[in-house]
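By convention in this document, chain letters (A, B, ...) are assigned in the order of the sequence lines, proteins followed by strands, and residues within each chain are numbered from 1. In what follows, every heavy atom counts, from backbone to side chain, and hydrogens, waters and symmetry copies are set aside. Since we're looking at a predicted model, the values are computed, not measured.
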Amino acid sequence: MGSAPGAHLHVEGDTVLHRLPAHTKLVGLMAFVLAVVSVPSEAHVALGALLALGVAVLLSTRVAARHLLPRLAVETPFAVFALVLPFVAVGPTTALGPVTVSQTGLTAAVALLLKGTTGVVTAVAFAVTTRPRDLVRALQHLRVPDPLVLIASFMVRYLDVVADQLRRMKVARASRGFSARSVRAWPVLAAGTGALFIRSYERGERVHLAMVSRGWTGAMPMTSPLSATPGQWATALAPALVAVVVSVGVRMAG
Amino acid sequence: MTTPVLDLRGVAYAYPGGHQALFGVDLHVHPGERVALLGPNGAGKTTLVLHLNGVLTPGAGSVTVSGLPVTDENLLEVRRRVGIVFQDPDDQLFMPSVRDDVAFGPANLGLRGAELDARVVEALDAVGVADLADRAPHHLSFGQRRRVAIATVLAMRPEILVLDEPSSNLDPASRRELADILRSLDVTILMVTHDLPYAVELCPRAVVLSEGSVVADGPTRELLSDSALMARHRLELPVGFSI
Ligand SMILES: Nc1ncnc2c1ncn2[C@@H]1O[C@H](COP(=O)(O)OP(=O)(O)O)[C@@H](O)[C@H]1O
Ligand SMILES: [Mg+2]
């Protein structure tokens, strides 16, 4: 079985989040993230509380930490950016231990870190509890245009195939004594990338042929519609509701 | 005489670049037949296959499927009647789960709900992989993917099953299992192949395509024992194999 990161986000389980219909989770996730982002940057306590809520949601999936940690790694660039921010931002400064940093930069960095982490944590909670197939059905159900649904569904389907091709090309290069240690290796890597692109393009043409041959005329047939009870919607939207209340509350208080 | 399932008359085709791939092909396949389409690389086999369901339109000549001419207005019905299984199952299986993939064709024909579900189960059963319905195609073995690829086409209840190189990349056990499955199906078969022992095993009749023309058509054993014909068209039996 392949081990490309991202290809196997979903982890089997039987928790509230696993059982919620995918489209309610997707709407709940988007609403929650938007509400968190709308909280003013100075409200660190409120943001911290929402992060705690996000972490609680993630923990409720009961997915083991060894599965969660690699998936949380997408956060790294955020963290690096947030760490740099206080040093590069301009405006009034403040002392932070032995060093002087930009005050707005520090506020923004903390807010970025809190909001970013909350977003990543909840997105991972969604990803580990939703089968790729259900993600595609959710997009279809939410009336996302067919071409976008197709792109998402093909990404899910062919990520492994392409990653596999990439791995095979690497092995083939390495078997002939190639190692990418200097600039002189770049043309070889570029040629490899080009070859991969062409192969993927040709694959696309062949997949299109196979689709047309089975009567495809441009519209994705909606074969197994999703449905949700009001209770399921309420559960899925609860975190977003909390975040909206917090965001509004902070604004009224400030 | 019954109406042929496939009736090709003088089919000629040149690719847009100008390369002429087919030069007036005549081919008839009757209901219940299993026919092997043999020919060396570049003979035009895949090009011919793409004419059978109207993906390519002949520059001259005509293609008729059970009496229905392959024209733009008949396209959907023609594609239901002619089920093509392409060579690489990764091209054929493009949906996130086996179930969705097998449902894709019949859903395009308008089936929904219980009727669609039943069709999916029926097709997966026919190739012996009903237990794989909820798996993702990329988690299956190559042999399993090839069987599911056949199921995606069977789900449309085609009148003729067209297979492009069905035995390629299969290990001996999967190869034999696939042969058993193909023999058990109650459907007309046109099988494109290089695998001459497979052709002998499965198809009583063979057609040899070479450089875009049909150069031989007859009982498979007879054709394959004509060593001059075989050599002329770069078709070789494996060492040690005798008819
Ligand atoms: N898309 C294309 N454009 C131009 N020429 C093509 C194309 N596809 C195939 N050909 C050419 O047409 C001939 C027949 O190809 P094909 O039908 O794929 O042969 P086969 O399947 O028997 O190996 C070959 O010479 C091939 O190079
Ligand atoms: Mg071919």
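The neighbour count for B/E33 CD, taken as heavy atoms of other residues, nucleotides or ligands under 6.0 Å away, is above 12. Few gaps surround CZ on A/R173; more than 12 heavy atoms of other groups in view lie less than 6.0 Å from it. The environment of CZ in A/R143 is sparse: at most 12 heavy-atom neighbours from other residues, nucleotides or ligands sit within 6.0 Å. Within 6.0 Å of CZ in A/R62 there are 12 or fewer heavy atoms belonging to other residues, nucleotides or ligands. Counting heavy-atom neighbours within 6.0 Å of A/M169 CE, excluding the residue itself, gives a total above 12. Annotation: A/F197, atom CZ; neighbour count of heavy atoms from other residues, nucleotides and ligands within 6.0 Å does not exceed 12.
Between A/R131 and B/D134 no salt bridge is recorded (no basic side-chain N to carboxylate O distance below 4.0 Å). B/D90 has a carboxylate O that lies under 4.0 Å from a charged side-chain N of A/R157, or vice versa, which qualifies the two as a salt bridge.
Smallest separation of non-hydrogen atoms from B/N108 and A/R214: ND2-O, 3.1 Å. The heavy-atom pair separating A/V136 from B/P96 by the smallest distance is CG2-CG, 4.0 Å. Annotation for B/F86 and A/S213: closest pair CZ-OG, 3.6 Å, computed over non-hydrogen atoms. Between B/R79 and A/V212, the shortest heavy-atom distance links the atoms NH1-CG1, 2.9 Å.
Residue B/L75: no heavy atom, backbone or side chain, is found under 4.5 Å from chain A. Residue contact with chain A, scored on non-hydrogen atoms closer than 4.5 Å, is absent for B/D164. At a 4.5 Å heavy-atom cutoff, the contact between B/D88 and chain A is made by side-chain atoms alone. Of the atoms belonging to A/L209, heavy atoms from both backbone and side chain fall under 4.5 Å from chain B. Contacts of B/L109 with chain A are absent, with no heavy-atom separation under 4.5 Å from either backbone or side chain.
Here the side chains of A/R133 and B/R99 are in contact, with some heavy-atom distance below 4.5 Å.
Of the inter-residue distances, the one linking A/Y158 atom OH with B/D91 atom CG reads 6.0 Å to the nearest 0.5 angstrom. Atom CE in A/M211 sits 11.5 Å away from atom CD in B/Q92 (nearest 0.5 Å).
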